[in-house]
Amino acid sequence: MENTLKNTRIPRATIRRLATYIQVLENLARDGTEIISSTPLAEACGVNGSQIRKDLAYFGEFGIRGVGYNVTSLIAAITSALDVNREWRMALIGVGNLGKALLNHADFRERGFNIVCIFDCDPFKIGEVVHGLEVHCTKDMPALVAENNIEIGIITTPPERAQRAATHLMNAGITSLLNFASARIKVPEHVNVEYVDFFHHLYSLAFNQNRFYGKS
């Protein structure tokens with residue numbers, strides 16, 4: 001199986017689908033599936049077979065015609081291509097209910113995304129130990145980010161504090177942010193931001209519920 005990054009200009013939608021492919025493939029591997037063709041893989045992922053082949057073509061040649069994909073090898077190839085086959089060290093800012101819930105989420109560590117430092121501006125939280133990590137003051141962030149080789153920042157603050165949290169992270173040298181706060185933040189072009197907005201999905205569900213089934 002050849003795995004060569006052919007094109008660095010990969011659409012964001014493709015990256016998101018690849019993440020779905022990994023999840024589905026991992027479930028197949030846990031169930032003991034060794035080989036799968038594009039059609040059942042596509043059905044499990046909610047796309048068509050040509051879309052999977054097109055997405056994988058960005059990274060090289062995969063699978064054997066008439067046989068299918070080796071599940072374990074395909075997982076390894078996709079994770080390698082996305083550079084998620086290593087540890088990514090992260091900092092979390094905002095140790096409230098949502099922050100604590102994420103700290104208790106085992107999937108982060110299992111997938112190589114390791115929260116190693118947590119921060120808050122509340123003096124009553126600083127020094128508290130949450131799931132084995134001490135809550136630090138944001139003024140200590142630059143030194144701790146450098147010391148712990150942190151590359152990704154997670155924002156779980158109230159929305160009105162999201163921009164300030166992002167500024168703290170960027171000032172500490174972090175250029176990749178995952179924002180759970182329900183607020184848009186301003187960042188320079190070299191900083192990457194992904195938003196996790198629960199209301200975006202709830203609005204979509206509410207709209208489709210009314211559209212297809214009418215108001216209750």
Side-chain angles (χ1 to χ4, degrees), residues 1-90 102 105-115 151-155 174-180 184 187 189-209 211-213:
M1 178 181 295
E2 181 186 353
N3 176 21
T4 303
L5 185 57
K6 291 184 173 181
N7 188 345
T8 56
R9 297 176 62 85
I10 301 169
R12 177 173 293 189
T14 295
I15 300 298
R16 290 178 174 170
R17 285 193 296 270
L18 287 167
T20 299
Y21 302 163
I22 292 173
Q23 291 177 326
V24 170
L25 288 164
E26 287 175 340
N27 287 333
L28 290 169
R30 279 192 289 269
D31 291 340
T33 301
E34 296 181 0
I35 301 292
I36 189 168
S37 64
S38 59
T39 299
L41 178 58
E43 291 175 354
C45 295
V47 297
N48 58 56
S50 62
Q51 183 66 70
I52 284 185
R53 291 188 291 272
K54 180 180 178 181
D55 289 339
L56 294 179
Y58 281 104
F59 303 97
E61 302 299 327
F62 298 90
I64 301 173
R65 186 178 298 275
V67 177
Y69 302 105
N70 179 283
V71 171
T72 301
S73 296
L74 187 55
I75 292 171
I78 296 175
T79 55
S80 175
L82 295 180
D83 200 22
V84 292
N85 59 341
R86 67 174 179 90
E87 181 190 29
W88 286 86
R89 297 169 72 80
M90 307 189 297
L102 292 179
H105 202 319
D107 280 358
F108 277 111
R109 189 180 299 272
E110 290 176 1
R111 293 179 180 274
F113 294 92
N114 191 10
I115 299 173
E151 298 176 89
I152 296 174
I154 302 176
I155 299 171
I174 295 176
T175 55
S176 293
L177 307 177
L178 181 62
N179 182 24
F180 282 85
R184 310 302 283 188
V187 300
E189 288 186 0
H190 71 280
V191 174
N192 298 306
V193 182
E194 291 286 343
Y195 292 90
V196 181
D197 190 338
F198 299 114
F199 287 106
H200 170 84
H201 299 292
L202 289 171
Y203 291 154
S204 179
L205 286 170
F207 173 79
N208 286 310
Q209 176 71 18
R211 179 184 179 189
F212 293 108
Y213 301 105

Who pairs with Ser38 by side-chain hydrogen bond (donor to acceptor under 3.5 Å, both in side chains), at least two apart in sequence or on another chain? Arg53

Side chain to side chain contact (heavy atoms under 4.5 Å, CB included) with Leu177: which of Asn192, Ile152, Val187? Val187

Could you report the tightest heavy-atom contact between Ala44 and Val24, atom names first, then the distance? CB-CG1, 3.7 Å

Nearest heavy-atom approach of Ser50 to Asn48 is OG-OD1, 2.7 Å

For Glu43, the side-chain hydrogen bond (donor to acceptor under 3.5 Å, both in side chains) test, sequence neighbours excluded, returns none

Just verifying a value: how many Å separate Ile35 CD1 and Leu28 CG, rounded to the nearest 0.5 Å? 11.5 Å

For the pair Asp197 and Asn179, evaluate side-chain contact (heavy atoms from CB on, under 4.5 Å) and give the outcome as yes or no after the intermediate values. CA-CA 8 Å; Asp197 190 338; Asn179 182 24; over 6 Å; no

When rounded to the nearest 0.5 Å, the distance separating OG1 of Thr39 from CD1 of Ile52 is 9.0 Å

Measure across Glu151 and Glu87 and return the closest heavy-atom pair with its distance rounded to 0.1 Å. OE2-O, 4.5 Å

Any sub-3.5 Å donor-acceptor pair from Asp31's side-chain atoms to Thr33's backbone N or O? no

Hey, what's the ring geometry for Phe198 with Phe180, parallel, tilted or perpendicular (30° and 60° as the breaks)? tilted

Considering only residues two or more places apart or on different chains, which pairs with a residue in residues 21-30 satisfy salt bridge (Lys or Arg N to Asp or Glu O under 4.0 Å)? Glu26-Arg111

Sub-4.5 Å side-chain heavy-atom contact between Leu41 and Val71: no

Report the residues that fulfil side chain to side chain contact (heavy atoms under 4.5 Å, CB included) with His190, sequence neighbours left out, ordered by chain and then residue number. Thr175, Pro188

For Asp83, enumerate each residue passing the salt bridge (Lys or Arg N to Asp or Glu O under 4.0 Å) test, keeping only those at least two apart in sequence or located in another chain. Arg86

With a 4.5 Å limit on heavy-atom distance, are the side chains of Ile22 and Leu82 in contact? yes

Interatomic distance, CD1@Ile154 vs CG@Leu102, rounded to 0.5 Å, equals 6.5 Å

Shortest non-hydrogen separation from Ser73 to Asn70 and the atoms involved: N-OD1, 2.9 Å

Tyr21 side chain near Leu74 side chain, heavy-atom distance below 4.5 Å: no

Could you walk me through whether Arg109 and Asn114 pass the side-chain hydrogen bond (donor to acceptor under 3.5 Å, both in side chains) test, one step at a time? CA-CA 5 Å; Arg109 189 180 299 272; Asn114 191 10; 3.0 Å; yes

With His105, which residues qualify under ring-ring contact (aromatic ring centres under 6.0 Å, His included), at least two apart? Phe108

Closest non-hydrogen atom pair between Gly49 and Ala42, with its separation: N-CB, 3.5 Å

Please find the pair of heavy atoms, one from Cys45 and one from Thr20, that lie closest to each other, and give the distance. O-CG2, 4.2 Å

With side-chain hydrogen bond (donor to acceptor under 3.5 Å, both in side chains) as the criterion, how do Gln51 and Asp55 come out once you've worked through the C-alpha distance, each side chain's angles and the decisive distance to 0.1 Å? CA-CA 6 Å; Gln51 183 66 70; Asp55 289 339; 3.0 Å; yes

Given the rule in the side-chain contact (heavy atoms from CB on, under 4.5 Å) test, do Tyr69 and Leu56 qualify, once you have shown the distances and angles that lead to the verdict? CA-CA 11 Å; Tyr69 302 105; Leu56 294 179; 3.9 Å; yes

Can you confirm whether Leu178 sits close enough to Phe113 that some side-chain heavy atom of one is under 4.5 Å from a side-chain heavy atom of the other? no

Spacing of Arg89 atom CZ and Ile174 atom CD1 [to the nearest 0.5 Å]: 12.0 Å

